[in-house]
J.: 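The structure's right below; bear with me while I get my questions together.
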Amino acid sequence: MKNLMVVVLMGVLWMLGGPTAVAQNTPSQEGTTHVMKDQDLKLLRQDLRTKRKQLIAANLTLTDTEATKFWPVYDQYVTELIAVNNQKFGLIQEYADNWGKMTNEESLLFTRNWLDMDIAIAQLRQKYVPMVAKVLDGKKTATFFQLDRRIAMMMDLQVSSQMPLVQEQESSSKLPN
């Protein structure tokens, strides 16, 4: 658990003090929009997936027998999670591509779709609780989902910190060209 806390603390400090976060929140002097590059998003997602499994393995104490049963269920869960996250990151990319041009209605639609992604992920976790509980005892099942949720929140914070706020598009579009 100490490993997880160290990683969380380092990640939060990096995100709050990193140059990327500052650059994303500073309106462009040239009046250009903030766009998350598709390649950057893909690399970030790949890195986050690798770290997720490493953090779970480091912080969920499993016997060899439990590990043999758990990891295939975990891999199945992650496969389904990736499908939901593909939609979520597609939404993020669409937001980034349209930032600076969004109407009030488009902004509200983005919010609804974003919340739908949160619901889909929560429903996926609910679906997998009994599946994980078949291969792990209650405490380890609860620990896995605690870790999964903490890691997901760290990932969301990292991605969200890179997204400019909707209202910033108005001040950016008013800058002289």
J.: Distance check, rounded to the nearest 0.5 Å: Y77 atom OH versus F144 atom CZ?
T.: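 Going from the OH atom of Y77 to the CZ atom of F144 covers 5.5 Å.
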J.: Report the distance from atom CD1 of I119 to atom CD of Q126, rounding to the nearest 0.5 Å.
T.: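 It comes to 11.0 Å.
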J.: How far apart are the closest heavy atoms of V84 and A120, and which atoms are they?
T.: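 Taking every non-hydrogen atom into account, CG1-CB, 3.9 Å.
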J.: Could you give the distance from CG (N86) to CZ (F89), rounded to the nearest 0.5 Å?
T.: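 N86 atom CG to F89 atom CZ measures 9.0 Å (nearest 0.5 Å).
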J.: Roughly how far, to the nearest 0.5 Å, is CD of Q93 from CG of N98?
T.: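 That separation rounds to 10.0 Å.
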J.: Between Y74 and L60, is a side-chain contact (heavy atoms from CB on, under 4.5 Å) present by the stated rule, with each step listed?
T.: CA-CA 12 Å; Y74 173 83; L60 183 63; over 6 Å; no
J.: Test side-chain contact (heavy atoms from CB on, under 4.5 Å) on L81 and R52; report intermediate values, then the result.
T.: CA-CA 12 Å; L81 183 61; R52 175 187 290 262; 3.7 Å; yes
J.: Check the pair K88 / D156 against side-chain contact (heavy atoms from CB on, under 4.5 Å), numbers first and verdict last.
T.: CA-CA 11 Å; K88 182 177 180 177; D156 282 348; 2.6 Å; yes
J.: Please list, chain by chain and in numerical order, all residues satisfying ring-ring contact (aromatic ring centres under 6.0 Å, His included) with F110, sequence neighbours excluded.
T.: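 Partners of F110 under the ring-ring contact (aromatic ring centres under 6.0 Å, His included) test: Y95, W114.
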J.: Is N85 close to I121 at the side-chain level, that is, under 4.5 Å between some pair of heavy atoms?
T.: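 I121 reaches N85 side chain to side chain.
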J.: Would you check if L147 and T143 make a side-chain contact, meaning some heavy-atom pair closer than 4.5 Å?
T.: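 Counting from C-beta outward, L147 and T143 do come under 4.5 Å.
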J.: Which pairs pass salt bridge (charged side-chain N to carboxylate O under 4.0 Å, His left out) with one or both residues in residues 102-125, sequence neighbours excluded?
T.: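 Applying salt bridge (charged side-chain N to carboxylate O under 4.0 Å, His left out) to every pair that reaches into residues 102-125, excluding sequence neighbours, yields R125-D148.
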J.: Side chain of K140, backbone of T61: donor and acceptor closer than 3.5 Å?
T.: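 Yes, because the side chain of K140 sits within donor-acceptor range (under 3.5 Å) of the backbone of T61.
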J.: Determine, stepwise, if the pair M154 / L55 fulfils side-chain contact (heavy atoms from CB on, under 4.5 Å).
T.: CA-CA 12 Å; M154 288 185 328; L55 286 169; 3.9 Å; yes
J.: Looking at P72 and A67, what are the two nearest heavy atoms and their distance?
T.: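 P72 and A67 have their closest heavy atoms at CD-O, 4.2 Å.
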J.: Give a yes or no on this: more than 12 heavy atoms of other residues, nucleotides or ligands lie within 6.0 Å of atom CD of E94.
T.: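 Counting other residues, nucleotides and ligands, CD of E94 stays at 12 neighbours or fewer.
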J.: Can you give me the closest heavy-atom contact between V129 and T141, atom names plus distance?
T.: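 Where V129 meets T141 most closely, the heavy atoms are O-CG2, 4.0 Å.
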J.: I'd like to know if M153 and F145 are part of one continuous hydrophobic network [Ile/Leu/Val/Met/Phe/Trp/Tyr, side-chain heavy atoms within less than 4.5 Å].
T.: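 No, it is not one cluster - the side chains of F145 and M153 are not joined through contacts under 4.5 Å.
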J.: In Å, rounded to the nearest 0.5 Å, how long is the span from CD1 of I56 to CD1 of I151?
T.: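 That separation rounds to 4.0 Å.
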J.: Determine, using the 4.5 Å side-chain heavy-atom cutoff (strictly less than), whether L109 and I92 are members of one ILVMFWY cluster.
T.: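 Looking at the clustering, I92 is in a separate group from L109.
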J.: D137 and K139: which non-hydrogen atoms are nearest, and at how many Å?
T.: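 The pair with the smallest heavy-atom distance is OD1-N, 3.1 Å.
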J.: Which value, rounded to the nearest 0.5 Å, describes the distance between D97 atom CG and M102 atom CE?
T.: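 Here the interatomic distance stands at 11.5 Å.
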J.: So N113 and M117, do their side chains get closer than 4.5 Å, heavy atoms only?
T.: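 No; the side chains remain at least 4.5 Å from each other.
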J.: If Ile, Leu, Val, Met, Phe, Trp and Tyr residues are connected whenever their side-chain heavy atoms lie under 4.5 Å apart, and connections chain through other members, are W99 and L108 in the same group?
T.: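 Per the 4.5 Å side-chain linkage, W99 and L108 are not co-clustered.
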